[in-house]
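Note that these values count all heavy atoms, side chains included, but never hydrogens, waters or copies made by symmetry. Numbers here simply count residues along the sequence, with the first being 1.
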Amino acid sequence: MKLSWTAFTELLRCTLLGHLRNRLALVLAVAFIPVWIAVARLCTSDEVVRIWLDAISAPVSAPASQAGQVASALGAITMVAGFIAFTETFQSRQMDRRLLLAGYPRLPMLLAKLAAVALTAALLALYTTILLWISLPVRHAVPLALVLAGAGLAYGGIGLLLGSLVRGELEGFFLIIMLSLVDTGLQNPVFNTLMDVAGVSALPLYGVNQLALSSALTPQSAWSHGLLSLTWSAATGALALLVLHTHRPSRSSMSRRAGAKAG
C-alpha cells in the first residue's frame, strides 16, 4: 500500500511538472481563454436574444454578447484541457512503457494521470469563472465553476484517450479541435436559440452548456443537467483508463523501436 501511494504521488508530481514545462499549454491556458471570451464580447452585438433552455423548461432573454461569452468560455476550456491532457499522454508514452516493463505498478500510473486531469480542469475552471465574473453579471458562480470543471474533465478524458490511441500529434490536435468546435458550435445560443438540433443532447457539452447558461444568465441552476457532464467525465476517464490498462507493451516491440532509432 505504501509503495502504491509513493508511486502515485511521484507519478502525479512528474505529470504536473510535465504540464508546467509545456510552454504552449501554459500560454493557451493563460492567454487563449481570456482572449476568446473578449472576442465573443467584442464581436457579438448586445441585441437581446430569446433562448430556450431545456434545463429550466423555459425561454430566457439575454444579450447575445453575454450568451456568446459563456459559449466561448466553454469552447476555450475544452480545447485547452483536451490539448494539455493529450500532449502529456502522447509525449510520455515511451516513458510509461519503460516504467511498466521495469515492473512499475500500473494502477498508480493510471490514477496519477486521471488526478492530473482533474487538477488541471479545476484550475482552468476557477480561472475561467473569475474571468466571466469580471466580464458578466454572473448569477451563480459556484455551479458555473463546477460545470466548467466538468467540461474540462470530459475533454481531458478525451485527450487522455486520444493520447493513448492516435499515432501522431497532428491527428490528436485535429480531433480535439474539431470535436470541441462542433460541440460548442451546435449549442451556441447566439446561432441556435432554440437548441433544437437533432442529437445535440448526446454531445459531451449538452449538460454543461445548459447548466452554464442557467447559472450565468438566470436566477435558477439546473443541477440535474450538471450530472450529465459528470457522466461524460466518468465515461471518458474510464474509457481512457481501460485503454491504458489493456495496452501491455512487449520487450520485443521496445527492442525493435530502439534498434530502429539506433540504425
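Rounding to the nearest 0.5 Å gives a distance of 10.0 Å between CG of L161 and CG of L175. Expressed to the nearest 0.5 Å, how far CG of D46 lies from OG of S65 amounts to 4.0 Å. Here the OG1 atom belonging to T184 is positioned 7.0 Å from the CG atom belonging to N188, to the nearest 0.5 angstrom. If you take CG on L26 and CG on L20, they are separated by 6.0 Å, rounding to the nearest 0.5 Å. In this structure, OG in S72 is found 12.5 Å from CG in L131, a value given to the nearest 0.5 Å. Interatomic distance, CE of M95 versus SG of C14, reported as 9.0 Å (0.5 Å rounding).
By the 4.5 Å heavy-atom criterion applied to side chains, V208 and L205 are counted as neighbours. Between V70 and L136, the closest side-chain pair of non-hydrogen atoms falls below 4.5 Å. For the pair I33 and W36, the minimum side-chain heavy-atom distance is 4.5 Å or more. Inter-residue side-chain proximity for P137 and Q66 is flagged as met; some heavy-atom pair is nearer than 4.5 Å. By the 4.5 Å heavy-atom criterion applied to side chains, R50 and V60 are not counted as neighbours. A 4.5 Å side-chain heavy-atom check between I84 and N22 finds every atom pair outside the cut-off. Between M109 and F8 there is no side-chain heavy-atom pair separated by less than 4.5 Å. Inter-residue side-chain proximity for F90 and L162 is flagged as unmet; no heavy-atom pair is nearer than 4.5 Å.
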task = Evaluate the side chain to side chain donor-acceptor pair (under 3.5 Å) criterion for residues R41 and S135: first the C-alpha distance (whole Å), next the side-chain angles of each, then the deciding distance (0.1 Å), finally the verdict.
result = CA-CA 9 Å; R41 181 174 184 173; S135 184; 3.1 Å; yes

message = Would F32 and V27 count as a side chain to side chain contact (heavy atoms under 4.5 Å, CB included) here? Give the steps.
response = CA-CA 7 Å; F32 177 70; V27 170; over 6 Å; no

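Tracing side-chain contacts under 4.5 Å through hydrophobic residues (I, L, V, M, F, W, Y), one reaches L213 starting from W133; they form part of the same cluster. By the criterion of side-chain heavy atoms lying less than 4.5 angstrom apart, applied directly or through intervening Ile, Leu, Val, Met, Phe, Trp or Tyr residues, L179 is grouped together with L181 in one hydrophobic cluster. By the rule that hydrophobic residues join a cluster once side-chain heavy atoms approach within less than 4.5 Å of another member, L24 and V166 end up as members of one cluster.
Between the side chain of S214 and the backbone N or O of L211 there is at least one donor-acceptor pair closer than 3.5 Å. Between the side chain of N209 and the main chain of Q187, a donor-acceptor pair closer than 3.5 Å is present.
Closest approach of R139 to S215, counting heavy atoms only: CB-O, 3.2 Å. Residues L11 and P108 come closest through the heavy atom pair CD1-C, 4.1 Å. Closest heavy-atom contact between V49 and A64: CG1-CB, 3.9 Å. Residues I176 and G82 come closest through the heavy atom pair CD1-O, 3.3 Å. Scanning both residues, L160 and A85, for their nearest heavy atoms gives N-CB, 4.0 Å. Nearest approach of A40 to G68, heavy atoms of both residues: CB-O, 3.7 Å.
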Exercise answer: donor-acceptor pairs, residues 114-130 side-chain atoms, under 3.5 Å, sequence neighbours excluded:
unit_1, atom_1, unit_2, atom_2, d
T120, OG1, A116, O, 2.8
Y127, OH, V30, O, 2.7
T128, OG1, L124, O, 2.7
T129, OG1, A125, O, 2.7

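For V182, the side chain to side chain contact (heavy atoms under 4.5 Å, CB included) partners at least two apart in sequence or on another chain are L186. For E10, the salt bridge (charged side-chain N to carboxylate O under 4.0 Å, His left out) partners are R13, not counting sequence neighbours.
The aromatic rings of F173 and F86 sit perpendicular to each other, their planes meeting at more than 60°, with 30° as the lower class boundary.
Checked by atom type, the side-chain pair D183/Y155 shows a donor-acceptor distance below 3.5 Å.
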